[in-house]
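To start, the structure under review is shown below, and the notes come after it.
By convention in this document, chain letters (A, B, ...) are assigned in the order of the sequence lines, proteins followed by strands, and residues within each chain are numbered from 1.
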There are 2 protein chains.
Amino acid sequence: MEKETLTIVKIGGNVIDDSEKLHYFLEDFSKLKGAKILVHGGGKIATEMGISLGIEPKMVDGRRITDIQTLRIVTMAYAGLINKNVVAQLQAKNCNAIGLSGADGNTIRAVKRPVKTIDYGFVGDLSETSIAVDTINGLLNIGLVPVFCAITHDGDTQLLNTNADTIASAIAVAMSAAYTTTLVYCFEKKGVLRDVEDDNSVVSEIRMGQFEQLKEEGVVSGGMIPKLHNAFEAIRSGVSAVYIGQAEELLREGQQSGTRLIK
Amino acid sequence: MEKETLTIVKIGGNVIDDSEKLHYFLEDFSKLKGAKILVHGGGKIATEMGISLGIEPKMVDGRRITDIQTLRIVTMAYAGLINKNVVAQLQAKNCNAIGLSGADGNTIRAVKRPVKTIDYGFVGDLSETSIAVDTINGLLNIGLVPVFCAITHDGDTQLLNTNADTIASAIAVAMSAAYTTTLVYCFEKKGVLRDVEDDNSVVSEIRMGQFEQLKEEGVVSGGMIPKLHNAFEAIRSGVSAVYIGQAEELLREGQQSGTRLIK
């Protein structure tokens, strides 16, 4: 018997912070057929709130540190304000969304990042056993559409800030035993570009075997390398395809856009 | 066939704001047998955050108004910070809690309070059809323990601030078709007191028929009258018993405490 399809879509600040873009994205997302899950990152709100409350972002070696004050703020902004507004908007579009942090239903259990040279604070890393497949499956089976924010927990009362890309990928991998999973990463660019200056030079498809060659050719460079590396890792672990591109095009029916990564 | 039992417990600021009290309460709650639901109110955090952000509480005729800024704050504080921390604490006690606003799974759909003499702002009132019994039942059936904050939605993208006592009562009434429901209101006092000055004068049981008489005798007076009135309304609508008393005693096994209201 063929497995059911499950689409996991990840959006970040560039959609969250633009209310019009968010509206149209959620319109497209609500029309998406089959089982689906949304994962959303943060956005400017947390930073703005921090500033209003007089809490300066803490950086070490250019990386953001989640101290206890920052954790409180991201919990309020991500799990509260953003998550509940996204859910309320999806509900208005007849999509039976349910907002979740990783603590809810113990859906995502993380481990606080060990301190080596840098103490990242309350940041959670995921492992192969982080995702509660049965519970997420249970929610999907009663017709709900999980909407995850980037907050997880350690199972011992501690909430943790966790990268939304990583959450989306971990969910897609874990659910691929039961579903044919597709992972969709929405970001600023139209996809992987042959020419960074030319938005119309999107590489429409990359097979796993081509990745090394494209790196050598310099088509894939900079921040795109870890992104694609992680995407191919997900594919290697059972995800059937990963799409990378812009929110406003990627989900629209009949559109051919973005870059498709496959085995 | 006898119906399964379902206990709906409501806690307010006096538990939420006291981390030790909250810890012991959640310990007791996690041990409670049978299906259960927790409903929590606000607490000082929202007011403190408002002050930090320079937003003064708006009052009209001594009643708090939920303007758009206040709504943002309570959404962050109630649905984010408080709700997720309560869930993470319950998870650590092996209670598979799932935090919800009324928008999540469309579990509680409210109507924005119509403006008569006072505009309460973004406050939601509940009706007989507000509670999504099937969805809540679905969550209970997969072993989850819903934890509701006092935020609902109107189904048309708008989140709304809603009284937590009202939410607890509406859930208990709606679920009583499928379950034998008990409603537990935790508050500052040990229960209904014969003598307000004497904490040991708790009236252990009040039957619906005795309510009028106790009002005449002055045993029930002041703010207790609407509280008991609403409790008996819930009983009239199918809830089998309502308990009123202190969080630290009411749920502890083998304790005889608080006031029990029955038909």
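For chain A, the nearby parts of B:Leu139 are the backbone and the side chain; heavy atoms of each come within less than 4.5 Å. Contact annotation for B:Ile45: only side-chain heavy atoms (C-beta onward) come within less than 4.5 Å of a heavy atom of chain A. B:Leu81 touches chain A through backbone and side chain together, each having a heavy atom under 4.5 Å away. Only the side chain of A:Leu144 has a heavy atom closer than 4.5 Å to any heavy atom of chain B. B:Asn85 touches chain A through backbone and side chain together, each having a heavy atom under 4.5 Å away.
Side-chain N or O atoms of B:Lys44 include none that pairs as donor or acceptor with a backbone N or O of B:Asp17 at under 3.5 Å. Checked by atom type and distance alone, the side chain of B:Lys36 pairs as donor or acceptor with a backbone atom of B:Phe29 at under 3.5 Å. Judged purely by atom type and a 3.5 angstrom limit, A:Asn83 uses its side chain to pair as donor or acceptor with the backbone of A:Val147.
Contacts with chain B were tallied for A:Asn106, A:Thr107, A:Ile151; A:Asn106 has the most, counting heavy-atom pairs under 4.5 Å. Of the residues considered (B:Ala88, B:Ser101, B:Gly54), B:Ala88 shows the highest number of contacts with chain A, using heavy-atom pairs under 4.5 Å. Of the listed residues (B:Arg109, B:Lys93, B:His153), the greatest number of heavy-atom pairs within a distance under 4.5 Å of chain A belongs to B:His153.
With 3.5 Å as the limit, one finds no donor-acceptor pair spanning the side chains of A:Asn161 and A:Tyr120.
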- Task: Go through A:Lys84 and B:Asp104 one step at a time and tell me if the salt bridge (charged side-chain N to carboxylate O under 4.0 Å, His left out) criterion holds.
- Result: CA-CA 8 Å; A:Lys84 297 315 160 200; B:Asp104 298 302; 2.9 Å; yes

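Proximity of B:Leu250 to B:Val9: side-chain heavy atoms (C-beta onward) are nowhere separated by under 4.5 Å.
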